[in-house]
2 protein chains.
Amino acid sequence: MAGRRRWSTEEILDAAAELLRTSSADSFSVRKLAATLGTDSSSLYRHFRSKTELLRAVADRILLAAMDGYRPEGDWKQRITSLALRVREAFGQQPQLASVWGRYASSGTGSRLVMEEVLQALRASGLPDEEIPVRYHRIVVLLAALIASEAGVSTVTPEEHEQGLELFRVAVLGADPERFPALAHFARDVRPLGVDRRAAFEEILADHLAHIEAAMPPS
Amino acid sequence: MAGRRRWSTEEILDAAAELLRTSSADSFSVRKLAATLGTDSSSLYRHFRSKTELLRAVADRILLAAMDGYRPEGDWKQRITSLALRVREAFGQQPQLASVWGRYASSGTGSRLVMEEVLQALRASGLPDEEIPVRYHRIVVLLAALIASEAGVSTVTPEEHEQGLELFRVAVLGADPERFPALAHFARDVRPLGVDRRAAFEEILADHLAHIEAAMPPS
DNA sequence: ACCTGAACACCGTTCAAGT
DNA sequence: ACCTGAACACCGTTCAAGT
């Protein structure tokens, strides 16, 4: 797995993407990346000013790969939905990447492809031009937030998961019906934040897009 | 600021909340907390099994404080909105707290108060009982994601912010109009993810609530 | 000119040894 | 019984000194 001296920026990014893909959840570090390249972490700092800059570049590269083979299909809502699922899939288990993307997006071709497709889909929706930038902004803020949040959930270990469920059960089932009547009433049906995230993602996005459509002037 | 030996769990939580409030963004650590208490970090591990458990307890306590003096006002949408703004304000600049809450909520009184109020507001909306738990789940997932994402944005330093804006400008203004026609068309109006977050938060939530209302069976 | 060893200033967590 | 010093196994980042 390790080679010897002189790595191009490209090769470093590829190795980083690979390491992020295979290393679990949270545990990516500059030092580990250097180790898999058979070099010292200090030499990576000639290629990148900081870990954030490195992650930003990797995020873009991952978006680029995720967009490979993408073809717009269906109406504007279906286009945005399938794009969103691709981005979600790409960042799925990687909170570090997802949150760096959510903080500032990135600036390479991958990001541009995503922006372009959302904007094109919104244009195809028949929304007036002047409403598109603000709708675009909300959609991408929403996507980035949901994806990063879900990626964060994926870092929870099985024991922590079990412990979290148990705490939730206690909080809900143990709630005093005098003080928390609604909570007591729905105790058996209410779900903790960490479960059913994929369904929640799709439904929240669908709701959001449906709302845009409903607010559209009739064409 | 530092006292001497034997701290109760309560006192530790208070000190942690205070330190999180005053320390900027990301920089809270168990060791710093111990230092402000005049003790060693190892002694805190008798009160908490892990940093996550500590943060979970602090998050609940902060929600509790945020709910202090809360009175439901207006219709169900206004109730959820003002609650959401309180939670947002409470976790505002604290990505560590916001993301620990988003991963599993917490299980104390603070969390229960938030759950109760959302459920009560949804009941007041006239939504049929069987739809309330799923609507509840989506609303809280959405809130937690947006709040954690925004808190993450707040960790960006001014230089990084400037650098991010510059990268965004280059990505957008420098996009080839042949390959990215929609991006080129909206280049001057499209905003990066890191700006206007408060407005985006309120509008995404308003859209979401309006959509629930629109999908409601006429009473 | 390029690279890197070693260091700086941190982390969360554990546990043997002390009081 | 309670507490803590010291250690373990890490971090991101810098920079003098080497090749």
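Every chain is numbered from 1, with letters handed out A, B, ... down the list of sequences.
Every pair passing salt bridge (Lys or Arg N to Asp or Glu O under 4.0 Å) that includes a residue from residues 142-152 of chain A is listed here, sequence neighbours excluded: A:Arg88-A:Glu150. The list of salt bridge (Lys or Arg N to Asp or Glu O under 4.0 Å) pairs with a residue in residues 165-186 of chain B, not counting sequence neighbours, reads B:Glu166-B:Arg169. Here side-chain hydrogen bond (donor to acceptor under 3.5 Å, both in side chains) pairs that include residues 187-201 of chain A, with residues two or more places apart or in two chains, are A:Ser149-A:Arg197, A:Arg198-A:Glu202. Counting only residues at least two apart or in different chains, ring pair (Phe, Tyr, Trp, His ring centres under 6.0 Å) contacts with residues 23-67 of chain B are absent.
Using a 4.5 Å cut-off on side-chain heavy atoms (C-beta onward), B:Val87 and B:Leu143 make no contact. Within the 4.5 Å cutoff, the side chain of A:Leu83 has no heavy atoms near those of the A:Arg79 side chain. Within the 4.5 Å cutoff, side-chain heavy atoms of B:Phe201 are placed close to those of B:Ile147.
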(message) For DNA chain C, please output the secondary structure as dot-bracket, reading 5' to 3'. Pairs are Watson-Crick or G-U wobble, both atom distances under 3.5 Å; mark crossing pairs with [ ], other-strand partners with |, unpaired with a dot.
(response) ||.|||||...|||||.||
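B:His185 and A:Arg123 are linked by a side-chain donor-acceptor pair at a separation below 3.5 angstrom, with hydrogens and angles left out of the test.
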(request) Scan nucleotides 7-19 of chain D nucleotide by nucleotide, 5' to 3', and note B when protein non-hydrogen atoms come under 4.0 Å of the base, S if they reach only the sugar-phosphate, - if neither. (result) B---BBBBB----
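Following rounding to the nearest Å, A:Leu37 (CG) and C:dC3 (P) show an atom-to-atom distance of 13 Å.
Comparing the P positions of D:dA9 and C:dA9 gives an interatomic distance of 23 Å, to the nearest angstrom.
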